[in-house]
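Here is the structure we will look at.
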Amino acid sequence: MIKTGRKVARRRVLKALGGIGALAGSGTTLRALAADALPSPVQEDLRAALREALILPSDPGFDKARQVWNGMIDRHPAALARCRNAADVIAVVELAREHEVPVSVRGGGHNVAGKAVRDGGILIDLGLMQEVSVDAKRRTGRAQGGARWATFDAATTAQGLVTTGGTIATTGVAGLTLGGGLGWLMRRHGLSCDNLLTAEVVTADGRQLTASVSENPNLYWALRGGGGNFGVVTAFEFALHEEEPLLAGVTVYPGHRIRDMLRFLRDYTSAAPDALTTIAGISVADNSISGADRNVGWIGVCHSGALALGEERVRPIREFGPPIDGGIERMSYSALQSMFGASAPGDQRVYWRSNFMTGLTDEAIDLIVRRSDAGMRGDGTVILLEHMGGAIRRIGEHETAFSNRHAEYNVSVLTEWQDSAADEANIAWTRAYGDELKAFATGAGYVNYMTGDEGEARVRSTYETNLERLIEVKRKYDPANVFSSNQNIVP
């Protein structure tokens, strides 16, 4: 879809977004081990359970196998258990509990905080569990815990069906859903977690449970936004919806128009129908683009539904300008989902800050423009504004663990770079920018965008009025905090 020639600015935006998408507590009865100190009895038991699917630090390819998407994450587990089914997961959980070894869980490995890997623990890797199936008659789709959205979308769209998935095709189904699940169809069909019908879960005591409205309903409630705190989800079943015609694309504007663009965005989204989702941002300009200034602003849009009505609704974006590049066109959902290309694991170093906001005031816009004009850090930094509302807000604050449904935008500072010598400066800049935005925010952030240093207080404030119920569910299903390598809810 992205062409050559005058598409350079848009390509820069999409490359940056590919880089950004694709970022507490320890167990009370578990002890971390040195990476090379997994006791022989544990190794033997794991070998017997997993056969060739166990990878130890002495095995070829271990360093590559422990990599996650964020290249800053350099943790050394004591073993990597490549599970092929729920029975393997149960075996690993039981052995880890028996030998008092900590665990972590990796689905797609795309989390910015790199919580899938912990030093001295057993990494439960679901990467071999990528099976996806679709029941077109029931309009449901099932994905194993290691599946990615590209695989899921390919299977569902082949049947003319869709659900809300991540905006980066290589994002894991598990992590995105458990943390909420913002995506292009969220205003139309709700978050990914809102479309979750059932989950198959291995709990800390080695049981395999089904969580749904009718079975283990409290666990089902907690999984929809509560993260990986409650067990290993080995399979997800989603409600699917008819794939409607889409008008989508990205329009790019010169840096000196960014303030006007943000004010336009505020007015435009205030009257947006549920069928329309916008994701806007500011990125470092490609210096080959005439008139791009230091930065570029851009608006990404997705309208689902009748094309004639869509043309009418996206017309204001086309008329705001003139853009220096980009365009809105008819495309398939699969094409839309792959529009923001992904980078390979370990290719970039990333650090993020996220804030939910109930609106974009002139003061907030002035801060965003001033901070961005002063100089963006990193090679692929993006200031991202994801418009929420619509179907998200029609679900009550207490109906799922995801409790920030009153937010109008998720505003994030997403910094990417490659030189490790720049770590300290880029982290400090991103943290300061995000902290300044808190003055205009709800006090909460998006769990899936949290880094590893934001602390328990940030997690508590994000879960707001649902926190006490989440703690109760945690106490029931994981009282020893076995599953603590996450944005942790401490029991």
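Count residues from 1 along the sequence.
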Could you tell me whether the side chain of Asn404 and the main chain of Ala407 form a donor-acceptor pair under 3.5 Å? no
Using only heavy-atom distances, determine whether the side chains of Asn216 and Thr210 contain a donor-acceptor pair under 3.5 Å. no
For the side chain of Glu468 and the backbone of Thr465, is there at least one donor-acceptor N/O pair under 3.5 Å apart? no
Does the pair Arg353 and Thr451 meet the rule for a side-chain contact (heavy atoms from CB on, under 4.5 Å), with working shown? CA-CA 7 Å; Arg353 273 294 188 267; Thr451 51; 3.0 Å; yes
Which is it for Asn355 and Ser412 under the side chain to side chain donor-acceptor pair (under 3.5 Å) test, yes or no, and what are the steps along the way? CA-CA 6 Å; Asn355 286 284; Ser412 306; over 6 Å; no
Donor + acceptor pair across side chains of His99, Asp45 (<3.5 Å): yes
For Leu176, is there any backbone N or O sitting under 3.5 Å from a side-chain donor or acceptor partner on Asn448? yes
Arg207/Asp205 ion pair, N-O < 4.0 Å: yes
Any carboxylate oxygen within less than 4.0 angstrom of a Lys/Arg side-chain nitrogen, looking at Glu399 and Arg405? no
Heavy-atom donor-acceptor pair, Arg82 side chain to Leu54 backbone, under 3.5 Å: no
Salt bridge present between Arg106 and Asp125 (N-O < 4.0 angstrom): yes
Could you work out, with side chain to side chain donor-acceptor pair (under 3.5 Å) as the rule, every residue matching Asn85, not counting sequence neighbours? none
Any side-chain donor near an acceptor of the partner, Asn195 and His241, under 3.5 Å: yes
Is Arg66 salt-bridged to Asp59, going by a charged N under 4.0 Å from an acidic O? no
Could you check whether any side-chain heavy atom of Leu161 comes within less than 4.5 Å of a side-chain heavy atom of Val134, counting everything from C-beta outward? yes
Can you tell me if Lys115 and Asn488 form a side-chain donor-acceptor pair at under 3.5 Å? no
Are Arg431 and Asp453 ion-paired here, with the side-chain N under 4.0 Å from a carboxylate O? yes
Would you please say whether a donor-acceptor pair under 3.5 Å links the side chains of Trp221 and Asn466? no
Looking at Asp379 and Arg349, is any side-chain nitrogen of the basic one under 4.0 Å from a carboxylate oxygen of the acidic one? no
In a check of ring-ring contact (aromatic ring centres under 6.0 Å, His included) between Trp149 and each of Phe340, Phe236, Trp184, Phe238, which one passes? Phe238
Face-on cation placement of Arg224 at Tyr220 ring, 6.0 Å and 45° thresholds: yes
Does one side chain, of Arg118 or Ser484, offer a donor that lies under 3.5 Å from an acceptor on the other? yes
NZ/NE/NH1/NH2 to OD/OE distance under 4.0 Å, Arg377 and Glu416: no
Donor-acceptor under 3.5 Å (Ser332 side chain, Ala335 main chain): yes
Test side-chain contact (heavy atoms from CB on, under 4.5 Å) on His387 and Arg187 and set out the steps. CA-CA 8 Å; His387 184 225; Arg187 287 176 50 82; 3.2 Å; yes
CG (Asn229) and CG (Asn481) are apart, to the nearest 0.5 Å, by 7.0 Å
Below 4.0 angstrom, N of the basic side chain to O of the carboxylate: do Lys476 and Glu472 qualify? no
In plain terms, say whether Arg138 and Glu237 are close enough for a salt bridge, that is, a side-chain N and a carboxylate O under 4.0 Å apart. yes
Checking side-chain polar atoms at under 3.5 Å, does Glu386 have a donor or acceptor matched by the opposite partner on Tyr449? yes
Pairing donors with acceptors under 3.5 angstrom, does anything connect the side chains of Tyr477 and Arg475? no
Using the six-membered ring wherever Trp is involved, compare the ring planes of Tyr446 and Phe356 and label them parallel, tilted or perpendicular (cut-offs 30° and 60°). tilted
Flag for Trp429-Thr415: side-chain donor and acceptor within less than 3.5 Å: no
